[in-house]
Structures are given as structure tokens and as C-alpha cells.
2 protein chains.
Amino acid sequence: MTNPPSPTTAPLPDFLPPALCALAREQSLTRGETLFRRGQRPTRVFFVAAGEIHLLRHGVHGQAVIFQRSAAGSFLAEPSIDSPGYHCDAVAVAASRLRVFPLADFRSALDADPAFARRWRLFLAREIRRLRGRAERLAMRSVRERIVHYIECEGEDGMLSWSGELKALAAELGVTHEALYRALARLAADGLLERAPGCLRLIGSGRL
Amino acid sequence: MTNPPSPTTAPLPDFLPPALCALAREQSLTRGETLFRRGQRPTRVFFVAAGEIHLLRHGVHGQAVIFQRSAAGSFLAEPSIDSPGYHCDAVAVAASRLRVFPLADFRSALDADPAFARRWRLFLAREIRRLRGRAERLAMRSVRERIVHYIECEGEDGMLSWSGELKALAAELGVTHEALYRALARLAADGLLERAPGCLRLIGSGRL
DNA sequence: GCGCCCGTATGATTGCGATCATATGACCAA
DNA sequence: TTGGTCATATGATCGCAATCATACGGGCGC
């Protein structure tokens with residue numbers, strides 16, 4: 001079951017040890033607020049519960065160079081857990097709410113609890129897998145191909161459940177909503193895709 | 001110092017414990033050979049020393065749906081270390097050489113050696129960071145923006161050392177070599193980029 | 001020396017998606 | 001009820017990179 005980004009507050013991942021969750025504090029950021037800066041020593045681990053944070057630097061021309069756009073449901077700057085300093089700045093681009101863990105406790109939990117350590121690294125490894133799939137799609141020129149790849153990757157047996165707005169799917173695929181609507185309509189017209197509310201299913205034995 | 005993909009054999013990462021490295025065996029694959037299949041239980045950890053492996057499935061239309069293209073220097077299917085089965089197939093798309101670790105020993109080392117565990121998760125976290133930067137670039141429409149973003153991200157203070165072929169850089173950026181040459185020439189003509197053999201440097205205080 | 005291969009480079013053409021504009025209908029607040 | 005907002009949808013236009021074609025020079029094998 002694939003769903004679009006959560007519209008409200010994302011819960012902490014269920015593999016976090018309860019003792020660690022009990023240590024999490026809530027922090028709110030207003031739009032434009034900076035959470036940390038490049039080079040600062042990390043003392044906390046951040047989970048985005050709502051809103052959006054960009055990890056960025058300023059380039060030689062002064063422009064913002066965005067490394068990452070973190071929405072609700074994601075951790076920030078995972079390498080910082082084991083690094084002496086942040087690699088970049090973190091800025092809220094919308095009003096945001098974070099769950100904040102003391103870094104020392106997070107690290108102690110990883111070191112002391114093998115089950116948590118395993119789940120953490122599996123979480124990281126799955127994120128790698130997700131990002132690689134996403135990069136494959138973004139490297140594709142045609143919207144049609146991106147749709148098909150996404151359904152195959154994120155759906156099951158060629159069927160994708162998507163209960164949110166198609167505009168969010170367009171954003172996930174890195175295309176405009178116009179392009180998405182058109183490609184979906186054309187895939188359906190070509191008999192390659194079946195559309196139902198909240199569901200997209202590829203029709204097999206066809207030719208792309 | 002950024003360099004293009006290694007043309008020969010990639011060494012194992014230096015954070016792997018020597019005792020674990022001693023357990024690595026070499027395996028060669030011919031082009032087209034399948035290394036593992038979806039659903040199989042993982043018993044080994046694979047590092048690509050040379051060649052290229054694709055992780056893929058077959059979609060409803062029978063076409064290959066590529067999740068990942070692993071070149072020399074990368075591990076394969078990281079989630080499999082902590083999963084009961086492979087998520088997809090692995091096929092060599094070129095003659096390849098792998099370094100192969102017994103999975104049980106790899107896992108034991110992670111569990112028993114906290115320093116190795118920390119380095120492994122840092123390695124994963126950095127890969128996440130790299131992939132996110134790559135996704136940002138791939139989501140950009142213009143080649144020019146991709147070049148600038150890459151130099152800012154992977155270079156230092158706007159300078160990128162690149163001792164390999166520009167065609168490899170084009171592949172990394174997801175553009176054709178023609179498009180890359182043109183964009184580099186235009187950036188240089190606009191006074192925004194300085195080109196020297198093996199080096200690209202952004203010229204500051206300009207307008208993009 | 002010659003031919004082949006390949007990286008770098010450039011010209012011409014094409015096509016697809018972004019952009020801009022507009023339409024329709026559902027939802028919500030006043 | 002009315003007006004505004006927004007998601008879904010579609011039409012028209014434009015522009016940029018892919019594609020195709022070609023050129024040049026360096027390296028290498030015979």
C-alpha cells in the first residue's frame with residue numbers, strides 16, 4: 001500500500017525503542033527558521049513530524065543549493081549521527097514540527113540494543129533502495145515510463161493504491177500535473193492502464 | 001576530490017574489519033549471468049569490484065524494471081543483510097568481478113564490533129546523502145543547473161576535480177555528452193565557469 | 001604509415017514536457 | 001446563494017535537450 005505524503009503529523013517509526021521515544025521532545029519551526037548550520041557539532045537527532053525542511057548550502061553565486069527536501073516522516077541528515085559536524089544548513093520552508101532526540105541517547109541505544117541497531121540499518125538500507133528507484137525514474141525522459149516504473153516499484157503486481165491527490169503523485173514523479181494527467185489519460189486510452197478511484201493498475205500482456 | 005567511476009578494480013572500503021576482509025572470496029560473472037533471484041534467502045553480501053550489476057524485476061509487460069545500476073565500488077542490495085529474502089533479481093550487464101562475504105560473518109561482525117557497526121551505518125547514511133543530491137539534480141530540467149549543482153555538491157568551494165572523461169560526467173548527470181559539452185561551453189562563454197584539464201571551477205559573484 | 005576507435009566538439013532537426021491559459025466541478029465560508 | 005479556492009483536465013505554444021550527423025585529433029594495433 002503506497003500512499004502520498006502524510007497531510008498531518010507523521011508518527012515516529014515503530015522500530016524506535018520506547019525508552020528512546022520517551023526522550024523525544026517536540027520542536028516547532030516557523031517558515032524560514034534555521035535549525036542548524038553547516039559545521040556545527042550535532043547534539044540532537046531530528047525527525048520531521050510535519051512541515052518541510054530543506055538541507056542546503058549557499059553556492060559561489062550566493063544561491064541556495066538544495067541537497068535534500070525532507071517532508072513529514074523523515075529523519076534529517078542521517079550522517080550527522082556519526083559525524084563531528086553538520087554537512088550543511090537546515091531551514092524550514094514551511095511551518096514545521098519536529099521530534100527531537102538527544103544524540104547521545106540515540107547513539108547509546110544503537111550501541112546497546114542490537115535489535116534497534118539492526119532495524120536502524122535496515123531503515124537506512126531501505127531508504128537507499130527507495131532513492132535508487134527514484135533516481136532511475138528521474139533519469140527517464142518520458143512521463144509514461146516514470147508512471148509505469150513507479151507502479152511496478154511501489155505497487156504490487158502492477159497495481160498501485162494512491163489515495164491522495166494526483167498532484168502529489170506528479171510531484172513524486174518530478175513532472176507537472178498537466179503532464180501526469182495527460183500521460184495517465186493516454187495510457188488508459190491505449191488500454192495499458194486501468195484507472196479507478198485511489199487505484200492505478202497496469203494491464204499486462206501489452207506493448208509499451 | 002571527486003573522481004569518476006573506477007576503470008579497474010575497486011578496493012574494498014577501508015572501514016571493513018581485516019578479519020572480515022580475509023573472508024571475502026572473489027566471484028566472476030559473465031555478461032547476462034544472474035547472481036540471485038527475488039525471494040531467495042540471502043546468504044552472502046556482495047561488493048562489486050569491477051563491472052556492472054543491475055537489480056531488476058520483470059514488470060507486467062515482461063519488460064525489465066531496473067531498480068538500481070551498481071557499478072564498481074558499491075555493495076548490492078543492502079537491505080538483504082537484514083531481510084529474509086531478496087527484493088529483486090541481480091543480473092550482470094557486463095563481465096563483472098565481485099568480492100563476496102558470508103552473510104552470517106558480516107552480520108556477526110556488525111553485532112560484535114561497535115566501531116564497524118558505526119562505520120557501516122555512516123557509510124549507508126552517506127550513500128543516502130549522495131543519492132538525495134543526485135535526485136535533486138535529476139529533477140532539474142536544465143543541464144546548466146545540474147552542472148552547477150554537481151560542482152557545488154561534490155566539489156569544494158565551487159571547484160570540482162574530474163580526472164576522467166567528460167562522458168562519464170554526462171552519465172552521472174543524466175544528460176547526453178553533447179548536452180554536457182554545450183552547457184560547459186556556454187557556462188565558460190558566459191564567464192561563469194573556468195575550465196582546466198581535470199578541473200572545473202565556478203566563478204563567483206555572477207548571475208545564473 | 002594507415003586504419004580504427006573513441007573522446008571532445010559542433011551543427012541541424014525533432015519531439016516531448018514545461019509553461020501558460022482556460023474549463024469544470026466540488027467544497028467551503030460568509 | 002455566491003464567490004473563492006483548488007484538484008482534475010485539456011488546449012496551445014515554446015524551448016531545451018535528445019537524437020542524428022559530422023568533424024577533428026589522439027592513441028593504439030598491425
Side-chain angles (χ1 to χ4, degrees), chain A residues 2-8 52 71 94 134-151 160-190 192-201 208, chain B residues 2-8 52 71 94 134-151 160-190 192-201 208:
Chain A
T2 299
N3 274 307
S6 171
T8 56
E52 186 173 349
R134 183 149 188 267
E136 283 293 315
R137 282 190 289 285
L138 290 172
M140 292 171 182
R141 287 270 287 170
S142 86
V143 182
R144 191 172 172 123
E145 283 186 308
R146 291 187 192 189
I147 291 168
V148 171
H149 192 276
Y150 190 76
I151 295 174
L160 176 72
S161 296
W162 187 266
S163 57
E165 297 167 358
L166 288 178
K167 290 184 74 167
L169 180 57
E172 172 65 26
L173 295 179
V175 298
T176 60
H177 70 264
E178 296 104 325
L180 178 66
Y181 298 142
R182 289 191 175 97
L184 287 174
R186 206 173 313 119
L187 278 165
D190 291 349
L192 301 171
L193 178 76
E194 189 180 310
R195 304 183 65 177
C199 178
L200 297 173
R201 188 175 74 86
L208 279 186
Chain B
T2 300
N3 273 306
S6 170
T8 58
E52 188 174 349
R134 184 149 187 268
E136 281 293 315
R137 282 189 289 285
L138 290 173
M140 291 171 181
R141 286 271 284 171
S142 86
V143 183
R144 191 173 171 121
E145 284 186 307
R146 291 187 192 188
I147 291 168
V148 171
H149 192 276
Y150 189 76
I151 295 173
L160 176 74
S161 297
W162 186 267
S163 56
E165 297 167 357
L166 290 178
K167 289 183 77 167
L169 180 56
E172 172 66 26
L173 296 178
V175 298
T176 59
H177 71 265
E178 296 102 326
L180 179 66
Y181 299 142
R182 288 192 176 96
L184 287 175
R186 207 175 312 120
L187 278 166
D190 291 349
L192 300 173
L193 177 77
E194 189 179 311
R195 304 182 63 176
C199 177
L200 296 172
R201 189 174 72 86
L208 276 184

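Sequence lines set the chain letters: A, B, ... in the order given, protein chains first and strands last, and positions in each chain run from 1. No hydrogens, no waters, no symmetry mates; every other heavy atom, side chains included, goes into these values.
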For the student: nearest non-hydrogen atoms of [X] and [Y], plus distance:
X: A:Leu193; Y: A:Leu200; value: CD1-CB, 4.1 Å
X: A:Glu145; Y: A:Arg141; value: OE1-N, 4.2 Å
X: A:Arg134; Y: A:Ala171; value: NH2-O, 4.3 Å
X: A:Ala135; Y: B:Leu138; value: O-CD1, 3.5 Å

So, is B:Thr176 near the phosphate of D:dA18, with a side-chain N or O under 4.0 Å from OP1 or OP2? yes

Are B:Arg195 and C:dA9 close enough that a side-chain N or O sits under 4.0 Å from OP1 or OP2? yes

According to salt bridge (charged side-chain N to carboxylate O under 4.0 Å, His left out), who are the partners of A:Arg146, at least two apart in sequence or on a separate chain? none

How many whole angstroms separate atom [atom1] of [X] from atom [atom2] of [N]?
X: A:Leu169; N: D:dT8; atom1: CG; atom2: C1'; result: 13 Å
X: B:Leu187; N: C:dA9; atom1: CG; atom2: P; result: 13 Å
X: A:Arg146; N: C:dG17; atom1: CZ; atom2: P; result: 8 Å
X: A:Arg186; N: D:dA9; atom1: CZ; atom2: P; result: 14 Å
X: A:Tyr181; N: C:dT19; atom1: OH; atom2: P; result: 15 Å
X: A:Trp162; N: D:dA7; atom1: CH2; atom2: C1'; result: 14 Å
X: B:Met140; N: C:dG17; atom1: CE; atom2: C1'; result: 18 Å

For A:Arg141 and A:Lys167, take the nucleotide of DNA chain D holding the closest heavy atom to each; which residue's nucleotide lies nearer the 5' end? A:Lys167

With nearest nucleotides of DNA chain D determined for B:Ala179 and A:Ala185 from heavy-atom distances, which residue corresponds to the more 5′ nucleotide? A:Ala185

Would the base of C:dC20 count as contacting A:Glu178 through its side chain, where contact means a donor and an acceptor less than 3.5 Å apart? yes

Mark yes or no for a side-chain to base donor-acceptor pair under 3.5 Å between A:Arg182 and D:dG11, with no hydrogen or angle criteria applied. yes

Within this structure, what is the CZ-CG distance for the pair A:Arg144 and A:Leu187, rounded to the nearest 0.5 Å? 4.5 Å

Measuring from B:Trp162:CH2 to B:Arg195:CZ, what's the distance to the nearest 0.5 Å? 13.5 Å

End axis versus end axis in the helix from C:dG1-D:dC30 to C:dA30-D:dT1, the angle rounded to 10°, five pairs used at each terminus: 30°

